Participant: 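Take a look at this one; I'll ask things after.
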Amino acid sequence: GSPPQALVDDTEDVSLDFGSEEELALRKAKIRHPLATFFHLFFRVSAIITYLFCDWFSNSFVACFVTILLLLSFDFWSVKNVTGRLLVGLHWWNQIDEDGKSHWVFEARRVPTRAASTEAEARIFWLGLIICPVIWTVFFFSTLFSLKLKWLALVIAGISLQTANLYGYIHCKLGGHKSTRRATSSFVTADVPKRQARRTAEDHTEEHGKTGTR
């Protein structure tokens, strides 16, 4: 009976080693979502390049304005709904409840999966998310000092759209870290207006307590 037992043990050791090597290879992978990484930078960098060199390509201010605004809009949507989920496991959105009140919801992946991001992807995501709004802020002051006021609305739109994504993902990151221990699902969801929900719950318990005593 001892030789078969040894054979079984060897087989188990091989399978365990194979699993650990596969996991290590996945962690070492630099870019696991190349398409998402490309489009995370493509739209926002293209908007900046078009803003800087649009006079070289076209003499039409309206065409340049519309092109840059479209690139900024595509960037906002893709970063908010696609690249944030794939590259760092974060997502944020706004929803309206039955009373018509607006709620901001921030979601963070708690458990790393096979589709989890690598360190290189996370670094690219956050660098692109932080640096580009700073560049648009520089454009804002340059338009003021150079008195190119016709570009001011476009620059403000660029700052607003990209700062909104930065603000949302910072809340996702902070909310995810704070709520990780209490989460049971694969995602941690942090809703901003928690105080109102707590007050409503307390009011309901007080009402039930009063009716029970009567």
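Since the structure is predicted, the reported quantities are computational estimates derived from the model, not experimental observations.
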Participant: Does any part of the side chain of Val79, heavy atoms only, come nearer than 4.5 Å to the side chain of Leu129, both counted from C-beta?
Facilitator: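 They are in contact (side-chain heavy atoms under 4.5 Å apart), so the answer is yes.
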Participant: Please examine the side chains of Ile124 and Leu87, heavy atoms only from C-beta on, and report whether any two atoms are closer than 4.5 Å.
Facilitator: no
Participant: Taking all atoms of both residues into account, what is the closest heavy-atom pair of Pro133 and Arg44, and its distance?
Facilitator: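 Shortest heavy-atom contact: CD-NH1, 4.4 Å.
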Participant: Counting N and O atoms only, with roles assigned by atom type, does the side chain of Asn81 sit under 3.5 Å from a partner on the main chain of Trp77, one being a donor and the other an acceptor?
Facilitator: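 Side chain of Asn81 to backbone of Trp77: a pair is present.
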Participant: Does the ring center of Phe39 lie less than 6.0 Å from the ring center of Phe43?
Facilitator: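 Aromatic pair counts; centres sit under 6.0 Å.
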Participant: Could you tell me whether the side chain of Lys150 reaches within less than 4.5 Å of the side chain of Phe61, counting heavy atoms only?
Facilitator: yes
Participant: Within the side chain of Tyr169, is there an N or O that forms a donor-acceptor pair under 3.5 Å with the backbone of Ala164?
Facilitator: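 Side chain of Tyr169 to backbone of Ala164, a donor-acceptor pair under 3.5 Å: no, none is there.
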Participant: For Ala47 and Ile68, which heavy atoms make the closest approach, and how far apart are they?
Facilitator: O-CG2, 4.1 Å
Participant: Roughly how far apart are Leu154 CG and Leu72 CG, rounded to 0.5 Å?
Facilitator: 6.0 Å
Participant: Would Lys80 count as a cation-pi partner of Trp93, with NZ or CZ less than 6.0 Å from the six-membered ring centre and within 45° of the ring normal?
Facilitator: no
Participant: Please walk me through it: do Phe76 and Asn165 pass side chain to side chain contact (heavy atoms under 4.5 Å, CB included)?
Facilitator: CA-CA 7 Å; Phe76 177 80; Asn165 263 328; 3.5 Å; yes
Participant: To the nearest 0.5 Å, what is the distance between CZ on Arg123 and OG1 on Thr37?
Facilitator: 12.5 Å
Participant: Which atoms form the tightest heavy-atom contact between Ala108 and Leu90, and what is the distance?
Facilitator: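 The answer is CB-CD2, 3.5 Å.
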Participant: For the residue pair His40 and Phe125, categorise the inter-ring angle as parallel (less than 30°), tilted (30 to 60°) or perpendicular (more than 60°).
Facilitator: parallel
Participant: Check for me, please, whether Ile130 and Val138 land in the same ILVMFWY cluster - side-chain distances under 4.5 Å, paths through other members count.
Facilitator: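 As far as the 4.5 Å side-chain criterion goes, Val138 and Ile130 are not connected within one cluster.
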Participant: Check for me, please, whether Trp56 and Phe65 land in the same ILVMFWY cluster - side-chain distances under 4.5 Å, paths through other members count.
Facilitator: yes
Participant: Rounded to the nearest 0.5 Å, what separation is found between the CD1 atom of Ile135 and the CD atom of Gln162?
Facilitator: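 Here the rounded value is 8.5 Å.
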Participant: How long is the span from the SG atom in Cys172 to the OH atom in Tyr167, to the nearest 0.5 Å?
Facilitator: 11.0 Å
Participant: For residues Phe140 and Ile159, report the shortest heavy-atom separation together with the two atoms involved.
Facilitator: CB-CD1, 3.7 Å
Participant: Would you say Phe145 ends up clustered with Leu52 if hydrophobic residues are merged whenever their side chains have heavy atoms under 4.5 Å apart, either directly or through other cluster members?
Facilitator: yes
Participant: Is a side-chain donor or acceptor of Glu121 paired with a backbone partner of His33 at a separation under 3.5 angstrom?
Facilitator: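 Present.
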Participant: If every non-hydrogen atom of Ile31 is compared with every non-hydrogen atom of Ala120, which pair is closest and at what distance?
Facilitator: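 Residues Ile31 and Ala120, closest heavy atoms: CD1-CB, 4.2 Å.
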Participant: Below 30° counts as parallel, above 60° as perpendicular, anything between as tilted: where do the rings of His171 and Phe106 land?
Facilitator: parallel
Participant: Between the side chain of Ser78 and the main-chain N/O of Asp75, is any donor-acceptor distance below 3.5 Å?
Facilitator: yes
Participant: First locate atom OG1 of Thr83, then atom CG of Leu41, and finally report the distance between them rounded to the nearest 0.5 Å.
Facilitator: 9.0 Å
Participant: Go through it in stages, so that I can follow the logic: the residues are Gln95 and Val105, the test is side chain to side chain contact (heavy atoms under 4.5 Å, CB included), and I'd like the CA-CA distance, side-chain angles, deciding distance and then a yes or no.
Facilitator: CA-CA 7 Å; Gln95 66 183 19; Val105 183; 3.8 Å; yes
Participant: Using the rule that Ile, Leu, Val, Met, Phe, Trp and Tyr join whenever any side-chain heavy atoms are under 4.5 Å apart, tell me whether Leu166 and Val134 fall into a single cluster.
Facilitator: no
Participant: Name the residue from Leu152, Ile156, Val155 that meets the side chain to side chain contact (heavy atoms under 4.5 Å, CB included) definition with Phe139.
Facilitator: Val155
Participant: Say you draw a straight line from CG of Asn59 to SG of Cys54; how long is it, rounded to the nearest 0.5 Å?
Facilitator: 10.0 Å
Participant: Are Trp151 and Tyr51 close enough that their ring centers fall under 6.0 Å?
Facilitator: yes
Participant: Give the minimum heavy-atom separation between Ile48 and Cys132, together with the two atoms involved.
Facilitator: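 Nearest pair, atom of Ile48 first, then Cys132: CD1-SG, 4.0 Å.
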